[in-house]
Q: 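Here it is: the structure, laid out below.
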Amino acid sequence: MENTATAKSKPARRNATRMLCEGAIMVALAQILSYIKLMELPNGGSLTPAMFPILLFAVRWGLADGLLAGFVFGLLQLMFDGAYAWGWQSMLLDYLVAFTPLGLAGLFQGKRWGIFAGTVLGCFARFVVHFISGVTIYRIYAPTEILGTVFDNPTLYSIVYNGSYMLPNTILALVIAALLYAPLKKFYLGADIQR
């Protein structure tokens with residue numbers, strides 16, 4: 001009886017080790033990719049390919065592990081990316097809370113088009129957190145000018161400002177997912193993971 005329990009626990013331990021290793025690699029890759037800034041806004045926010053590894057990890061390993069990877073990536077962003085913030089509330093919302101929802105992609109684990117639906121959901125949830133931060137913390141900037149337009153409404157300003165980098169980030173992550181779909185399909189679906 002003990003041998004059977006030991007035999008059953010070996011694949012679980014192997015999967016846990018593999019998940020932790022993949023998570024560490026994907027978070028490190030996301031951090032490295034975050035330094036490739038295709039566009040950067042003055043008050044924080046940039047266009048980078050950094051979200052894709054977190055989204056891929058979440059789709060492979062599920063919700064809980066994906067949320068943890070997003071949180072760790074947000075923590076690294078806070079520590080190493082210059083942390084443009086207005087106090088602890090901004091640090092909490094714009095980094096730790098904002099990157100964690102990327103793990104919501106894990107809700108689509110094992111689904112054929114899960115990487116695409118997960119990317120949209122994770123990126124939208126991140127946008128919502130940045131939007132809330134913009135309305136509650138950065139409202140001091142109203143009235144202000146962005147994209148050649150003066151805004152005096154903090155809600156509209158937050159939608160435009162945060163949308164101006166989150167929409168392109170979402171599109172970029174979807175393009176990367178589409179380009180890599182054929183060669184990485186079994187990884188997207190987690191078909192290589194022993195269950």
Q: Taking Ser158 for the side chain and Phe131 for the main chain, is one N or O donor matched with an acceptor at less than 3.5 Å?
A: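 Present.
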Q: Linking I/L/V/M/F/W/Y whenever their side-chain heavy atoms sit closer than 4.5 Å, directly or via other members, would Met39 and Leu33 fall into one cluster?
A: yes
Q: Could you tell me if Gln109 and Trp61 have a donor-acceptor pair between their side chains, going purely by distance under 3.5 Å?
A: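 On atom types as modelled, these side chains do not qualify, holding no pair under 3.5 Å.
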Q: With hydrophobic residues grouped by side-chain heavy-atom distances under 4.5 Å, do Leu55 and Leu104 end up in a single group?
A: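 No, Leu55 and Leu104 fall in different hydrophobic clusters.
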Q: If I take atom CG from residue Leu20 and atom CG from residue Asp65, how far apart are they, to the nearest 0.5 angstrom?
A: 8.0 Å
Q: Tell me if the centroids of the rings in Phe71 and Phe99 come within less than 6.0 Å of each other.
A: no
Q: Tell me if the CZ atom of Arg112 is crowded by more than 12 foreign heavy atoms within 6.0 Å.
A: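 No, not enclosed.
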Q: Measuring from Arg18:CZ to Glu22:CD, what's the distance to the nearest 0.5 Å?
A: 5.0 Å
Q: Is the distance between the ring centroids of Phe116 and Phe108 under 6.0 Å?
A: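 No; Phe116 has its ring centre 6.0 Å or more from that of Phe108.
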Q: Does the gap between the ring centers of Tyr165 and His130 come in under 6.0 Å?
A: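 Yes, the ring centres sit under 6.0 Å apart.
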Q: Can you tell whether the side chains of Asp192 and Arg60 come within less than 4.0 Å, N to carboxylate O?
A: yes
Q: Is it the case that the side chain of Ser133 and the backbone of Val129 share a donor-acceptor pair, with hydrogens and angles ignored and the cut-off at 3.5 Å?
A: no
Q: If you compare all heavy atoms of Asn169 against all heavy atoms of Ser46, which two are closest, and at what distance to 0.1 Å?
A: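 In this case the closest contact between Asn169 and Ser46 is ND2-O, 2.7 Å.
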Q: Please assess Leu172 against Leu38 for the test side chain to side chain contact (heavy atoms under 4.5 Å, CB included), listing each intermediate value before the final yes or no.
A: CA-CA 11 Å; Leu172 180 59; Leu38 306 173; 4.0 Å; yes
Q: Can a salt bridge be assigned to the pair Asp94 and Arg126 using a cut-off of 4.0 Å between side-chain N and carboxylate O?
A: no
Q: Is there a path of hydrophobic side-chain contacts, each under 4.5 Å between heavy atoms of I/L/V/M/F/W/Y residues, joining Leu67 to Met19?
A: no
Q: In this structure, would Tyr95 and Tyr35 fall into the same cluster of hydrophobic residues linked by side-chain contacts under 4.5 Å?
A: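 Looking at the clustering, Tyr35 is in the same group as Tyr95.
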Q: Once rounded to the nearest 0.5 Å, what's the spacing between atom CZ of Phe80 and atom OG of Ser34?
A: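 Going from CZ on Phe80 over to OG on Ser34, the span is 10.5 Å.
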Q: When rounded to the nearest 0.5 angstrom, what distance separates CG in Leu56 from CG in Leu184?
A: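 Leu56 CG to Leu184 CG: 7.0 Å, rounded to 0.5 Å.
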Q: With heavy-atom distances below 4.5 Å as the criterion, would you say the side chains of Leu174 and Val120 are in contact?
A: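 SC-SC contact between Leu174 and Val120 confirmed.
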Q: Return the NZ to OG1 distance between Lys37 and Thr48, rounded to the nearest 0.5 Å.
A: 7.5 Å
Q: List the atom of Pro168, the atom of Gly163, and the distance in Å for their closest heavy-atom pair.
A: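 That closest heavy-atom pairing would be CD-O, 3.6 Å.
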Q: Rounded at 0.5 Å granularity, tell me how far CD1 in Ile193 sits from CZ in Phe187.
A: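 The CZ atom of Phe187 is 9.5 Å from CD1 of Ile193, to the nearest 0.5 Å.
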Q: Which heavy-atom pair separates Leu102 from Cys123 by the least distance, and what is that distance?
A: CD2-N, 4.3 Å
Q: Restricting to non-hydrogen atoms, name the atom on Ile176 and the atom on Pro49 that form the minimum distance, rounded to 0.1 Å.
A: CD1-CB, 3.8 Å
Q: Side chains of Leu68 and Thr100: does their closest heavy-atom pair fall under 4.5 Å?
A: no
Q: Quick one: are the ring centres of Trp113 and Tyr188 less than 6.0 Å apart?
A: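 Between Trp113 and Tyr188, the centre distance exceeds or equals 6.0 Å.
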Q: Any chain of hydrophobic side-chain contacts (each under 4.5 Å) joining Met51 to Met79?
A: yes
Q: Measure across Gly66 and Ala58 and return the closest heavy-atom pair with its distance rounded to 0.1 Å.
A: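 Answer, listing the atom of Gly66 first, then Ala58: CA-CB, 3.7 Å.
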Q: What are the two closest heavy atoms between Ile115 and Ala177, and how far apart are they?
A: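 Taking every non-hydrogen atom into account, CG1-CB, 3.8 Å.
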Q: Just checking Phe124: does its CZ atom have more than 12 heavy atoms from other residues, nucleotides or ligands closer to it than 6.0 angstrom?
A: no
Q: Any side-chain heavy atom of Phe52 within less than 4.5 Å of one from Leu29?
A: no
